[in-house]
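Data block below; observations after.
Note that the structure is a prediction, hence the values are computed from the model and not measured. Within every chain, numbering begins at 1; the chains are lettered A, B, ... in the order of the sequence lines, protein sequences first and strands thereafter.
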Amino acid sequence: MASQKVKITLPDGSVKVFDAAITGEQLAASIGPGLAKAALAMTVDGELKDIYSPLEKDAAVSIITAKDEQGLELLRHDCAHVMAEAVKELWPKTQITIGPVIENGFYYDFARAEPFTKDDLPKIEERMREIVKRDETIRREVWDRDKAIKFFKDQGEAYKAEIISDLPEGEEVSLYRQGDFIDLCRGPHLPSTGKLGTAFKLMKVAGAYWRGDSGNEMLTRIYGTCWRDKKELGAYLHMLEEAEKRDHRKLGREMDLFHFQEESPGAVFWHPKGWTLFLKLIEYMRKRQDDAGYVEISTPDILDRELWVTSGHVEKFGENMFYTSTPDGREYALKPMNCPGGVLVYAQGLKSYRDLPMRVAEFGKVHRFEPSGALHGLMRVRAFTQDDAHIYCTLEQMKDECIKVTELILDIYKDFGFADVALKFSDRPERRIGSDEVWDKSEKALKEALEATGRDYVYNPGEGAFYGPKIDFVLRDAIGRDWQCGTLQMDLNLPERFDIYYIGEDGNKHRPVMLHRALFGSLERFVGILIEHYAGRLPLWLAPIQVVIATITSDGDDYAKEAHAALREAGIRAELDIRNEKINYKVREHSLVKVPVMFVVGKREAKEGTVSIRRLGSQNQEILPLKEAVGALVKEARIPS
RNA sequence: GCCGCGGUAGCUCAGGGGUAGAGCACCCCCUUGGUAAGGGGGAGGUCGGUGGUUCAAUUCCACUCCGCGGCACCA
């Protein structure tokens with residue numbers, strides 16, 4: 001049989017011709033010894049393959065090394081396999097399940113009677129390093145499906161057997177063998193465990209449901225991180241430390257903004273400084289909404305249970321609600337949403353088409369009984385304040401209103417430095433009220449409105465509110481984390497249920513469209529996001545204490561009081577520090593609680609009528625006449641608009 | 001809600017079957033010091049709660065509450 005020539009096209013466009021089939025390894029070697037050593041895998045006509053796979057026909061081939069994103073993913077994937085191998089060596093009875101790559105690393109879920117604890121991690125890690133040192137060859141094997149199922153069953157690996165059983169018919173069952181360890185895997189993998197290197201670390205253990213379903217048994221998951229080299233690993237660990245430093249729970253305590261306590265799990269006790277920040281956000285939002293043509297209302301926190309039956313909340317949201325009763329035997333519920341109360345305000349008096357659109361805002365505090373395990377500082381609480389609003393309009397006005405809301409949200413986020421905002425469109429969930437026809441109609445209308453904004457969005461099937469489809473606004477903070485904040489929901493159901501209407505031009509009753517929207521979402525959570533986004537260093541307009549006037553010696557006390565009065569007079573939130581302490585001590589203390597500006601005054605400033613301005617985090621001192629300094633700050637501290 | 005870990009002074013944490021300790025913060029005294037900790041002294045805790053084992057429990061056990069990391073759920 002005459003050998004077939006093989007023509008390989010490389011990424012730079014060059015072409016290599018071989019007399020017979022070769023492997024990726026041989027191809028890499030033909031290019032250079034360095035590449036041969038670095039080669040982890042390859043793509044053949046775009047498809048990722050093991051580096052030792054044969055190249056039997058003409059193809060475009062690109063050698064993957066650790067430098068490639070795909071190469072890094074391979075390292076992480078292999079790291080998961082090496083971890084599973086280590087675990088099986090140490091505790092042979094442990095069952096292995098799945099071990100995918102995730103952002104920054106990987107995890108592997110194991111099934112065993114005794115869950116792992118973090119004390120097991122060093123031992124596993126040590127064994128992993130041994131396996132890397134052994135440099136075991138990793139090879140792909142394709143097995144007959146039934147044989148594979150039997151094999152894993154015989155090994156006591158019920159989960160693996162189940163995974164294979166569930167593979168679609170016709171899909172190849174591939175296994176990867178390294179040393180004595182063999183695992184079901186689609187691949188590809190590194191050619192040997194030695195290629196993994198040592199830049200990995202096991203991070204934490206956690207419980208996780210089999211197949212992510214809370215009805216299934218809980219497995220024990222080990223998370224690890226894995227990088228190209230020690231330097232990258234170090235940088236990642238350092239980044240984690242930095243993120244920890246800006247944890248809003250820690251900063252909230254240090255800056256004396258709020259606290260939590262047992263008597264009301266998941267509810268915030270706001271301290272004066274935290275509440276100042278909270279109120280500033282509301283003040284800002286009021287202004288923006290006022291400019292955008294909104295009016296504001298306030299509705300009761302506790303409403304008759306029957307109302308929540310009418311709205312559908314008891315049925316569809318009931319297990320997330322707080323209920324209460326009074327000595328007279330009446331049943332109430334704490335509002336988990338503001339909409340029903342808002343609808344009752346709309347329903348007061350006749351509305352004309354001339355009144356629409358009506359944009360009605362409410363800073364309503366809602367209570368939701370969240371699962372205990374979900375609570376997390378300000379980010380996930382059981383009582384929170386929404387910057388809620390309901391827009392009542394006609395179907396024709398609806399698109400325009402959606403565009404306006406979208407523009408408002410994006411513009412407001414910019415004032416906080418959130419420029420990177422993603423939009424998500426969610427349609428009907430399983431648990432919902434209303435007919436499919438109504439859902440068809442609202443989904444179509446909302447989607448058209450979304451498309452009319454001209455912005456990109458991602459589709460999130462089945463994630464809508466129980467009364468209507470929605471658009472969510474997800475912002476990215478200073479350290480790259482995503483937060484879902486704003487929401488815009490289309491609702492044809494509640495108007496129906498509460499039978500609200502307006503009188504149209506034709507003199508007849510018509511059903512209005514109701515849009516639910518929130519921009520910050522939860523004020524509590526938004527404060528948490530801001531604290532972490534700014535690492536506690538809030539912009540001047542939001543800082544609870546904007547300026548501290550600190551004296552150097554008591555000779556400056558009288559003048560410091562003057563400066564303090566001038567600042568207060570100008571509306572600046574200023575505090576006076578005339579304690580008998582050294583200036584170093586005062587500077588340190590106020591810096592730690594992140595006061596943005598300090599006025600330092602001593603004899604010199606008192607004599608000259610100036611202040612020495614020190615900005616948080618800066619060593620610089622700016623000397624300005626008091627009046628000028630106050631004027632500049634007033635300008636700088638203005639609420640954005 | 002589920003799995004694992006934890007709860008000791010205001011904060012960060014050590015300790016451990018014989019009723020507790022450090023640093024910082026707090027209070028008092030000395031110090032009047034030019035931009036991130038001046039010095040000395042003092043006060044402060046029924047060791048999350050309830051039961052149990054024990055001569056004796058903060059320590060061991062059970063239950064419970066709360067928190068932390070995930071999972072599930074979600075603004």
Side-chain angles (χ1 to χ4, degrees), chain A residues 107 109 112 114-120 203-223 247 249-250 253-254 256 259-266 317 319-320 336-337 366 368-388 463 465 470 472-474 483-487 489 516 518-526 528-529 550-557 578-593 598-605 612-623:
Chain A
Y107 67 77
D109 285 348
R112 66 198 302 251
E114 276 286 290
F116 290 111
T117 72
K118 63 175 185 302
D119 300 330
D120 297 321
M203 303 298 283
K204 54 195 169 197
V205 292
Y209 297 107
W210 166 235
R211 300 199 148 161
D213 184 338
S214 60
N216 288 341
E217 61 274 31
M218 185 152 275
L219 308 172
T220 160
R221 173 175 296 179
I222 301 178
Y223 283 94
D247 188 312
R249 293 166 297 184
K250 179 172 132 75
R253 186 170 48 242
E254 287 171 4
D256 194 18
H259 84 271
F260 291 88
Q261 65 183 61
E262 290 196 29
E263 283 75 2
S264 190
F317 203 75
E319 65 272 32
N320 283 306
M337 296 185 194
V366 296
R368 297 184 186 175
F369 184 70
E370 298 291 344
S372 58
L375 303 181
H376 181 97
L378 295 175
M379 303 308 193
R380 192 76 184 273
V381 292
R382 284 180 175 162
F384 61 99
T385 312
Q386 294 181 315
D387 57 331
D388 210 350
E463 296 292 320
K470 62 175 182 171
D472 286 314
F473 297 80
V474 181
W483 299 100
Q484 186 173 312
C485 292
T487 187
Q489 307 169 350
H516 306 237
L519 311 195
F520 292 148
S522 150
L523 266 294
E524 281 76 359
R525 192 163 81 130
F526 200 73
I529 293 167
T551 49
I552 289 168
T553 69
S554 54
D555 293 335
D557 287 4
I578 55 174
R579 290 175 303 169
N580 177 14
E581 294 291 351
K582 289 195 168 180
I583 192 62
N584 281 333
Y585 183 89
K586 294 183 183 179
V587 166
R588 175 180 157 81
E589 204 169 68
H590 300 301
S591 298
L592 285 176
V593 298
M598 285 187 71
F599 281 4
V600 175
V601 299
K603 273 187 204 161
R604 205 155 60 221
E605 287 77 9
S612 166
I613 304 171
R614 184 197 162 101
R615 298 275 175 168
L616 177 58
S618 161
Q619 246 75 265
N620 294 340
Q621 299 163 38
E622 191 188 1
I623 313 284

Rounding to a whole Å, what distance do you find between [X]:[atom1] and [N]:[atom2]?
{"X": "A:Glu605", "N": "B:U35", "atom1": "CD", "atom2": "P", "result": "11 Å"}
{"X": "A:Asp557", "N": "B:G34", "atom1": "CG", "atom2": "P", "result": "15 Å"}
{"X": "A:Lys118", "N": "B:C3", "atom1": "NZ", "atom2": "C1'", "result": "14 Å"}
{"X": "A:Ile623", "N": "B:U35", "atom1": "CD1", "atom2": "C1'", "result": "10 Å"}
{"X": "A:His259", "N": "B:C66", "atom1": "NE2", "atom2": "C1'", "result": "13 Å"}
{"X": "A:Phe116", "N": "B:C5", "atom1": "CZ", "atom2": "P", "result": "14 Å"}
{"X": "A:Glu263", "N": "B:C66", "atom1": "CD", "atom2": "C1'", "result": "10 Å"}
{"X": "A:Ile613", "N": "B:G34", "atom1": "CD1", "atom2": "C1'", "result": "16 Å"}

Without swapping roles, check the side chain of [X] against the backbone of [Y] for a donor-acceptor pair under 3.5 Å.
{"X": "A:Asp555", "Y": "A:Lys603", "answer": "no"}
{"X": "A:Glu254", "Y": "A:Val593", "answer": "no"}
{"X": "A:Arg221", "Y": "A:Ala206", "answer": "no"}
{"X": "A:Asp472", "Y": "A:Cys485", "answer": "no"}

side-chain contact (heavy atoms from CB on, under 4.5 Å) between A:Arg614 and A:Gln619, worked out: CA-CA 7 Å; A:Arg614 184 197 162 101; A:Gln619 246 75 265; 3.5 Å; yes
Closest-nucleotide ordering on RNA chain B, the 5'-leading residue of A:Ser612 and A:Phe260: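 The 5'-side residue here is A:Ser612.
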Most 5' of A:Ile552 and A:Gln619 on RNA chain B, judged by nearest nucleotide: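 Per heavy-atom nearest nucleotide, the more 5' residue is A:Ile552.
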Between [M] and [N], how far apart are the [atom1] atoms? Round to whole Å, please.
{"N": "B:A22", "M": "B:G40", "atom1": "P", "value": "15 Å"}
{"N": "B:C30", "M": "B:A57", "atom1": "C1'", "value": "45 Å"}
{"N": "B:C13", "M": "B:G51", "atom1": "P", "value": "30 Å"}
{"N": "B:G49", "M": "B:C3", "atom1": "C1'", "value": "24 Å"}
{"N": "B:G7", "M": "B:U12", "atom1": "P", "value": "13 Å"}
{"N": "B:G21", "M": "B:U59", "atom1": "C1'", "value": "15 Å"}
{"N": "B:G45", "M": "B:G15", "atom1": "C1'", "value": "14 Å"}
{"N": "B:G6", "M": "B:U58", "atom1": "C1'", "value": "15 Å"}

Presence of A:Gln261 side-chain N/O under 4.0 Å of B:C66 phosphate oxygens OP1/OP2: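 So the side chain of A:Gln261 is outside the cut-off, no N or O lying under 4.0 Å from OP1 or OP2 of B:C66.
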Under 4.0 angstrom between A:Arg615 side-chain N/O and B:U35 OP1 or OP2: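 So the side chain of A:Arg615 is outside the cut-off, no N or O lying under 4.0 Å from OP1 or OP2 of B:U35.
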Touch class at under 4.0 angstrom, heavy-atom based, for A:Ser372 against every strand present: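 Result for A:Ser372 = base.
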Sugar-phosphate, base or nothing in reach of A:Leu219, heavy atoms under 4.0 Å: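 If one applies the 4.0 Å heavy-atom cut-off, A:Leu219 turns out to touch nothing in the nucleic acid.
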Heavy-atom pair with the smallest gap, counting every atom of [X] and [Y]:
{"X": "A:Ile613", "Y": "A:Phe599", "value": "CG1-CE1, 3.8 Å"}
{"X": "A:Met598", "Y": "A:Ala550", "value": "CE-CB, 3.7 Å"}
{"X": "A:Arg579", "Y": "A:Glu589", "value": "NH2-OE1, 2.6 Å"}

Atom pairs under 3.5 Å, N or O on each side, protein against nucleotides 38-48 of chain B: can you list them with distances?
none

A:Glu114 CD: over 12 foreign heavy atoms closer than 6.0 Å: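 No - once you tally the heavy atoms of other residues, nucleotides and ligands closer than 6.0 Å, there are 12 at most.
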Using the side-chain heavy atoms of [X], tell me which of these nucleotides is nearest: [options].
{"X": "A:Ser591", "options": "B:C26, B:A36, B:G34", "value": "B:A36"}
{"X": "A:Val600", "options": "B:U35, B:C5, B:A36", "value": "B:U35"}
{"X": "A:Ser554", "options": "B:U32, B:A36, B:C3", "value": "B:U32"}

Within a strict 4.5 Å, meaning less than it, do heavy atoms of the [X] and [Y] side chains meet?
{"X": "A:Val600", "Y": "A:Glu605", "value": "no"}
{"X": "A:Glu370", "Y": "A:Pro265", "value": "no"}
{"X": "A:Arg382", "Y": "A:Leu375", "value": "yes"}
{"X": "A:Phe384", "Y": "A:Val366", "value": "yes"}

Which nucleotides of RNA chain B pair, in dot-bracket form (Watson-Crick or G-U under 3.5 Å, | meaning another strand): (((((((..((((....[..)))).(((((.......))))).....(((((..]....))))))))))))....
Annotated protein contacts, base or backbone, on nucleotides 68-75 of chain B with a non-hydrogen cut-off under 4.0 Å, one of B, S, - each: SBBBBBBB
Sidechain N-carboxylate O distance under 4.0 Å for A:Arg249, A:Asp247: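 Result for this pair is yes, salt bridge flagged.
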